[in-house]
Amino acid sequence: MAQPKYTTHHGMVDILPEEVRKWQFLENLIREEAEKFNFEEIRTPIMEQTELIVRGLGQMTDIVSKEIFTFSRGDDNYVLRPELTAPVVRAFVEHRLDQRGGSQKLYYIGPMFRAERPQKGRQRQFHQFGVEIMGSSDAVADVEVIAFMIHICNKLGITNTTLKLNSIGDPESREVYKQALKAHLKPDYDKLSDVSKKRYEKNPLRILDSKEEEDRPFIETAPVITNYLSEKSVSHYNKVKDYLGDLGISFTEDPYLVRGMDYYTETAFELISPDLGAQDALAGGGRYDLLVEEIGGLPTPAVGFAAGMERLFIACEELGIELGDGKKVDVYIVTLGDAARKWGLAQLSKFRDKGISATMDYMGRSMKAQMKDANRENARFAIIVGDNELNEGKFTFRDMKESKEEALSFEEIMEIIQM
RNA sequence: GAGCCCGUAGCUCAGUAGGUUAGAGCGCCAGGUUGUGGCCCUGGAGGCCGGGGGUUCAAGUCCCCUCGGGCUCCCCA
């Protein structure tokens with residue numbers, strides 16, 4: 001096919017009507033279930049101040065250093081939001097949501113932007129939903145967040161996932177661990193893979209995540225972060241595991257699980273699916289007890305997660321799960337001649353006023369073509385109108401599924417459809 | 001930023017060792033049924049074979065460049 005003159009930007013996709021049905025289904029599900037958990041929706045702008053994202057996620061993170069879309073206008077620096085935790089925290093601080101009392105339970109759905117090379121389960125504009133609980137340091141909050149994440153997957157029918165769990169403690173103990181890890185790797189530095197060498201100074205924790213075969217022996221013998229946690233961190237982590245057990249949520253402890261944003265503390269988790277290909281994380285999250293203060297608010301512990309909506313669709317697809325219904329309409333008015341056409345147009349609003357969906361042909365086509373169209377639109381009923389019907393006040397009312405029809409007055413037709 | 005694979009109708013794809021006006025199925029439009037869908041039959045529209053250059057008497061088919069897409073590494077949802 002000749003390439004069209006105008007196309008979407010690289011990594012950005014149109015969502016066409018058939019697909020939108022799935023999206024609406026998922027969005028509705030998320031909203032319904034979030035309400036059951038007593039989360040409230042929050043919506044923030046697509047663009048934020050660049051400084052917020054840089055400070056929030058960390059200057060050295062991959063997202064900030066190479067994946068954000070930024071531009072400026074006058075003195076203002078804009079960034080297309082790459083995630084929503086930092087913006088939600090910004091809103092929390094800006095509007096003093098802490099003053100509403102108690103802990104704040106928020107959820108969100110919307111597009112995010114990262115300038116990466118697209119591949120399966122990865123786009124430059126993609127969609128996430130997620131929740132944030134702000135103000136509680138209790139392990140109950142961690143577990144509710146995780147429970148909601150799993151709950152949505154279960155509702156969709158995605159049950160073959162693995163919950164990976166870890167605690168990365170507080171910054172102080174993490175720093176101690178980092179030094180211990182580097183000390184462990186130093187003698188064998190030359191044998192490490194190239195990527196791991198680069199990470200050695202920049203972000204040694206990520207070496208634990210390495211998929212390179214040559215790093216294996218050194219990772220296996222490496223010290224484990226769990227042994228470097230403070231008493232408080234250990235206690236918190238144990239409670240999380242305990243409560244998860246009470247809820248019957250199984251998990252796999254992964255002491256090598258390290259997440260990408262600097263703001264994470266204590267609990268870290270990921271939900272992995274075997275159906276996603278290389279990008280196997282359906283959702284991920286954790287605690288960020290220091291972020292609110294970092295952004296200028298009062299010290300406020302918080303925990304949250306984000307899930308990739310496109311990835312949920314991929315998982316559903318692989319599992320053969322169909323989301324949403326096909327298109328359909330209650331009534332299709334088939335008209336013959338100008339008078340019938342005029343009449344049909346006027347009746348449409350009468351149906352719609354009663355909550356009945358109705359449509360008709362806009363192209364002045366033959367009756368056969370209109371019937372074909374009614375079939376394609378999945379109409380439940382067709383009303384056929386010509387001069388005869390108009391004169392007699394009786395219309396041909398056809399049940400498309402049953403292939404039965406009879407002559408009825410408009411009032412009788414209304415009555416039947418409303419049943 | 002690096003690597004691998006792929007670009008023929010709206011969609012899924014055929015196109016023989018390079019050789020006359022480029023094909024199929026589905027979809028779309030119309031007719032077969034002078035006022036009736038889903039099945040069937042017939043016909044039609046729709047392709048500068050992603051674009052440019054080269055080799056050749058001849059290129060969808062071979063070579064180079066370029067654009068676009070997919071997947072992978074890195075990293076993340």
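Computed from a prediction, not measured in an experiment: that's the story for all the values here. Residue numbers start from 1 in every chain, and the chains themselves are labelled A, B, ... in the order their sequence lines are given, proteins ahead of strands.
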J.: What nucleic acid atoms does A/Gly121 come within less than 4.0 Å of, heavy atoms only: base, sugar-phosphate, or nothing?
T.: base

J.: For residues A/Thr300 and A/Glu293, is any side-chain donor paired with an opposing acceptor at under 3.5 Å?
T.: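 No, because no side-chain N or O of A/Thr300 sits under 3.5 Å from a partner of the opposite role on A/Glu293.
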
J.: Taking protein heavy atoms under 4.0 Å as touching, what does nucleotides 32-43 of chain B look like 5' to 3' if B marks base contact, S marks sugar-phosphate-only contact and - marks none?
T.: B--BBBB-----

J.: Quote, to the nearest angstrom, the P distance that separates B/G7 from B/G54.
T.: 24 Å

J.: Give A/Met261 one of three labels, base, sugar-phosphate or nothing, depending on what nucleic acid heavy atoms sit under 4.0 Å from its own.
T.: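 Sugar-phosphate, backbone atoms only, no base.
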
J.: What stems involve RNA chain B, if each pair must be Watson-Crick or G-U and both of its distances must be under 3.5 Å, with 3 or more such pairs in a row?
T.: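 Stem segments, range with range: B:1-7 with B:67-73, B:10-13 with B:23-26, B:28-32 with B:40-44, B:50-54 with B:62-66.
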
J.: Within the structure shown, what part of the strands sits under 4.0 Å from A/Ala281 by heavy-atom distance: base, sugar-phosphate, or nothing?
T.: sugar-phosphate

J.: Heavy atoms under 4.0 Å, any strand shown: does A/Glu116 hit a base, just sugar-phosphate, or nothing?
T.: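 Answer is base: heavy atoms of A/Glu116 come under 4.0 Å of a base.
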
J.: Which is true for A/Leu282 with a 4.0 Å heavy-atom rule: it touches a base, it touches only sugar-phosphate, or it touches nothing?
T.: sugar-phosphate

J.: What pairs with A/Phe313 under ring-ring contact (aromatic ring centres under 6.0 Å, His included), at least two apart in sequence or on another chain?
T.: A/Trp23

J.: With rounding to the closest Å, how many angstrom separate the C1' atoms on B/A9 and B/C4?
T.: 29 Å

J.: Please indicate whether A/Lys401 has more than 12 foreign heavy atoms, meaning atoms of other residues, nucleotides or ligands, lying under 6.0 Å from its NZ.
T.: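 Check passes, neighbour count above 12.
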
J.: Just call it for A/Arg122: base, sugar-phosphate, or nothing, with non-hydrogen atoms closer than 4.0 Å on any strand.
T.: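 Here A/Arg122 touches the bases of the nucleic acid.
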
J.: Return yes if the base of B/G3 and the side-chain atoms of A/Arg117 contain a donor-acceptor N/O pair under 3.5 Å, otherwise no.
T.: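 Checked by distance alone, the answer is yes.
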
J.: Report which part of the nucleic acid A/Glu377 touches: base, sugar-phosphate, or nothing (heavy-atom distance under 4.0 Å, all strands).
T.: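 No contact.
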
J.: Describe the nucleic acid contact of A/His10 in one word from base, sugar-phosphate, nothing, applying a heavy-atom distance below 4.0 Å.
T.: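 Here A/His10 touches the backbone only, sparing every base.
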
J.: Taking only the P atom of each, what is the distance from B/U56 to B/G27 in whole angstrom?
T.: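 My reading of the P atoms in B/U56 and B/G27 gives 47 Å.
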
